[in-house]
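Notes to accompany the following structure.
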Amino acid sequence: MGRLRYPAVIVLCLTQLILVIDNSVVNVALPQIRHALGFSATGLSWVVTSYALVFGGLVLLSGKVGSIIGPRRALLIGVSIFTVASALGGAATTPAMLIAARVLR
């Protein structure tokens, strides 16, 4: 049983790395995002804030979801939603579309 822990820890670490890299990329790209999509200064803050608000709420809920559907299934569903939302965010053509994609992440 201890043998199965190391791959699980590696998967969790890689998942966390993806989240950190995503936030870093978005924060570095904020000036280009503002220019390309025509964000206002206050609207641009929602790109970061919307993600943080939803992420904080889902952290509280994730334990319950994991106990209901199983931790592996919950992680796979979460990573799948994150991947689709990342693709939508990358293809965003309007500020509202980008913020909606960030909320889904």
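Here, residue 1 is the first one in the sequence, and each next residue gets the next number.
- The minimum heavy-atom distance between Leu44 and Arg34, with the atom names listed, is CD2-CB, 3.8 Å.
- The cluster map of Ile, Leu, Val, Met, Phe, Trp and Tyr, joined by side-chain heavy atoms under 4.5 Å apart, puts Ile68 and Leu76 in different clusters.
- If you chain together hydrophobic residues whose side chains sit under 4.5 Å apart, Val79 and Ile21 never meet in one group.
- Contact record, Gly66 with Ala74: CA-CB, 4.1 Å, taken as the closest heavy-atom pair.
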Apply side-chain contact (heavy atoms from CB on, under 4.5 Å) to the pair Asn23 and Val26, showing each step before the final yes or no. CA-CA 5 Å; Asn23 280 325; Val26 169; 5.5 Å; no
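- Remark: Phe55 pairs with Tyr51 by the ring pair (Phe, Tyr, Trp, His ring centres under 6.0 Å) rule, at least two apart or across chains.
- Within the 3.5 Å criterion, the main-chain N or O of Trp46 finds no donor-acceptor partner in the side chain of Thr49.
- Placement of Leu58 and Val103 within a single hydrophobic cluster is found when ILVMFWY residues are connected by side-chain heavy-atom separations under 4.5 Å, directly or transitively.
- Counting only heavy atoms from C-beta outward, the side chains of Leu104 and Phe82 never approach each other to under 4.5 Å.
- The shortest non-hydrogen separation linking Gly43 to Ser40 is N-OG, 3.0 Å.
- Across all non-hydrogen atoms, the minimal contact from Arg105 to Ser86 is CD-OG, 3.5 Å.
- The hydrophobic cluster containing Val48 also contains Ile99, counting ILVMFWY residues as joined when their side-chain heavy atoms lie under 4.5 angstrom apart, directly or transitively.
- Counting heavy atoms from C-beta outward, Cys13 and Val9 have side chains that approach closer than 4.5 Å.
- Side-chain contact between Phe39 and Leu98 is present, with heavy atoms from C-beta onward closer than 4.5 Å.
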Could you go through the side-chain contact (heavy atoms from CB on, under 4.5 Å) check for Leu88 and Arg102 one step at a time? CA-CA 9 Å; Leu88 290 174; Arg102 293 286 292 170; over 6 Å; no
Please determine whether side-chain contact (heavy atoms from CB on, under 4.5 Å) holds for the pair Ile77 and Val65, giving the CA-CA distance in whole Å, both sets of side-chain angles, and the decisive distance to 0.1 Å. CA-CA 11 Å; Ile77 290 170; Val65 170; over 6 Å; no
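- No side-chain heavy atom of Val84 sits less than 4.5 Å from a side-chain heavy atom of Ser80.
- Cluster membership check: Val54 shares its hydrophobic cluster with Ile81, using side-chain heavy-atom separations under 4.5 Å among Ile, Leu, Val, Met, Phe, Trp and Tyr.
- Taking CD1 of Ile10 as the reference point, atom OG1 of Thr15 lies at 11.5 Å (rounded to 0.5 Å).
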